[in-house]
2 protein chains.
Amino acid sequence: MNSLEAGAAAQAQEPQTPDVTELILQDILAGRLPPGTWLKQIDLERRYSCTRPEVRRALDRLVQKRLVEHIPNRGYHVHEQDGRRAQEVSDIRVILEVAVSDRIVAKASAADIANLRVLASRFDDLVLNGTMLELYEANLAFHRDLLAIAGNQELVELITEIRQRTSSAPVSQWRTRARIEQSGHEHQQMVDAIEKGDVGHLMELTRRHILQA
Amino acid sequence: MNSLEAGAAAQAQEPQTPDVTELILQDILAGRLPPGTWLKQIDLERRYSCTRPEVRRALDRLVQKRLVEHIPNRGYHVHEQDGRRAQEVSDIRVILEVAVSDRIVAKASAADIANLRVLASRFDDLVLNGTMLELYEANLAFHRDLLAIAGNQELVELITEIRQRTSSAPVSQWRTRARIEQSGHEHQQMVDAIEKGDVGHLMELTRRHILQA
DNA sequence: GGCGCATAAATTGGCGCCAATTTTGATACC
DNA sequence: GGTATCAAAATTGGCGCCAATTTATGCGCC
């Protein structure tokens with residue numbers, strides 16, 4: 001009788017109402033809507049087969065997320081990538097993820113480690129047989145589950161949010177294939193460090209991984 | 001010709017369009033709309049003398065900020081305070097603010113220190129002659145400017161956001177007048193530590209200040 | 001007298017229209 | 001030929017209405 005989908009991830013995908021906000025966000029993240037693109041309401045309306053109010057609500061939410069910029073009586077456009085902001089977000093990520101390294105090592109169960117290995121392997125597989133977006137999502141999934149071990153749910157949500165805030169073109173964040181493979185290797189090393197209980201090593205790995213990812 | 005108010009704080013107050021979202025947020029923070037209160041669109045429409053779409057946009061934004069909860073076909077209500085979440089947010093604050101203590105000490109100029117002393121004094125004055133909300137804002141202002149010294153603008157915004165996320169009733173966060181006076185005293189001590197260049201002391205003061213504030 | 005049901009009231013939420021502003025294009029003038 | 005001005009087209013954004021769902025109320029029934 002009563003609905004029980006409080007969150008947004010009840011099912012993997014909702015074919016009924018895929019939520020326009022999420023669709024536009026995916027297109028921005030995938031690089032299909034490059035920074036600077038003007039988001040005309042008419043175009044979006046047609047592109048996503050939705051109504052005007054839905055488009056407007058989605059745009060307003062994306063403005064709140066700082067992903068698009070709104071200029072009154074002019075329109076909405078995809079926010080230009082800000083080098084300084086990206087650097088600042090990386091710094092924040094380093095501080096937080098390094099700081100909870102000890103909790104991760106302390107709390108990680110055998111099941112947690114096994115799960116991380118699966119996610120790390122999935123990332124490695126997608127290096128060869130996957131799109132950039134799939135790679136991006138696999139990377140996100142690994143880091144989400146890694147952080148979740150620390151036990152601070154709010155922290156997981158927070159970092160997911162701020163990662164979206166800057167990475168307007170996550171596709172271009174890994175420049176070379178060599179760098180991607182390196183990232184995958186670092187994931188494995190991080191899990192190794194957790195298994196061995198080497199907090200210091202995990203901290204250093206995390207720091208370098210985030211700063212040059 | 002062209003507008004230059006990119007942000008939202010061009011002037012101290014905008015008598016033209018005070019933005020309903022901000023008004024509702026203030027009322028929630030001030031405790032005038034306690035947790036659990038149902039926010040009927042009709043009531044808000046009349047209370048803030050605005051139109052239906054404005055109310056709806058404001059509610060949607062507050063849902064994004066996690067301050068109100070939305071139940072489809074039922075309505076919006078002020079989010080109940082979650083003890084676990086509040087604890088987690090405090091933990092995050094401790095990690096971040098302690099982590100940038102060294103940068104604050106390193107970068108603080110004489111002007112910065114003078115400014116912090118003014119803000120700390122203002123807080124102390126308001127302990128005697130101010131409302132709880134004024135006190136709350138003065139406290140926020142002190143911590144904002146303190147963090148700003150570290151040079152990471154994104155960090156300042158982030159902490160401002162997550163502080164709003166939980167403190168549905170900031171009025172009740174300081175239980176006794178003695179605790180408030182203690183907070184004011186701690187502000188002064190933190191500025192002293194910065195002036196002396198004592199990073200370790202600032203870190204310890206910050207940690208305690210946040211955890212029991 | 002208590003419980004269940006049907007009807008009515010209220011509230012939410014989707015949708016479209018029209019005014020205000022801006023941009024673009026053409027025309028006339030220097 | 002370039003520039004300023006004016007008009008037309010396009011886009012944004014405010015506003016209200018009406019259907020769908022839920023909640024409250026009163027009536028009949030057990």
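Chain identifiers are assigned alphabetically (A, B, ...) following the order of the sequence lines, protein sequences preceding nucleic acid strands; residue numbering begins at 1 within each chain.
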> Can you name the residues that form a salt bridge (Lys or Arg N to Asp or Glu O under 4.0 Å) with B:Arg47, not counting sequence neighbours?
Replying inline: B:Asp27

> Can you find a pair of side-chain heavy atoms, one from A:Leu158 and one from B:Glu88, that are under 4.5 Å apart?
Replying inline: no

> With sequence neighbours excluded, what pairs up with A:Glu134 under the salt bridge (Lys or Arg N to Asp or Glu O under 4.0 Å) test?
Replying inline: none

>> Taking atom CZ as the centre, does A:Arg85 end up with more than 12 heavy-atom neighbours from other residues, nucleotides or ligands that are less than 6.0 angstrom away?
In response: yes

> Which letters describe nucleotides 6-16 of chain C, given B = protein heavy atom under 4.0 Å from base, S = only from sugar-phosphate, - = neither?
Replying inline: ------BBBB-

> Hey, are A:His187 and A:Asn139 close enough side-chain-wise for a donor-acceptor pair under 3.5 Å?
Replying inline: yes

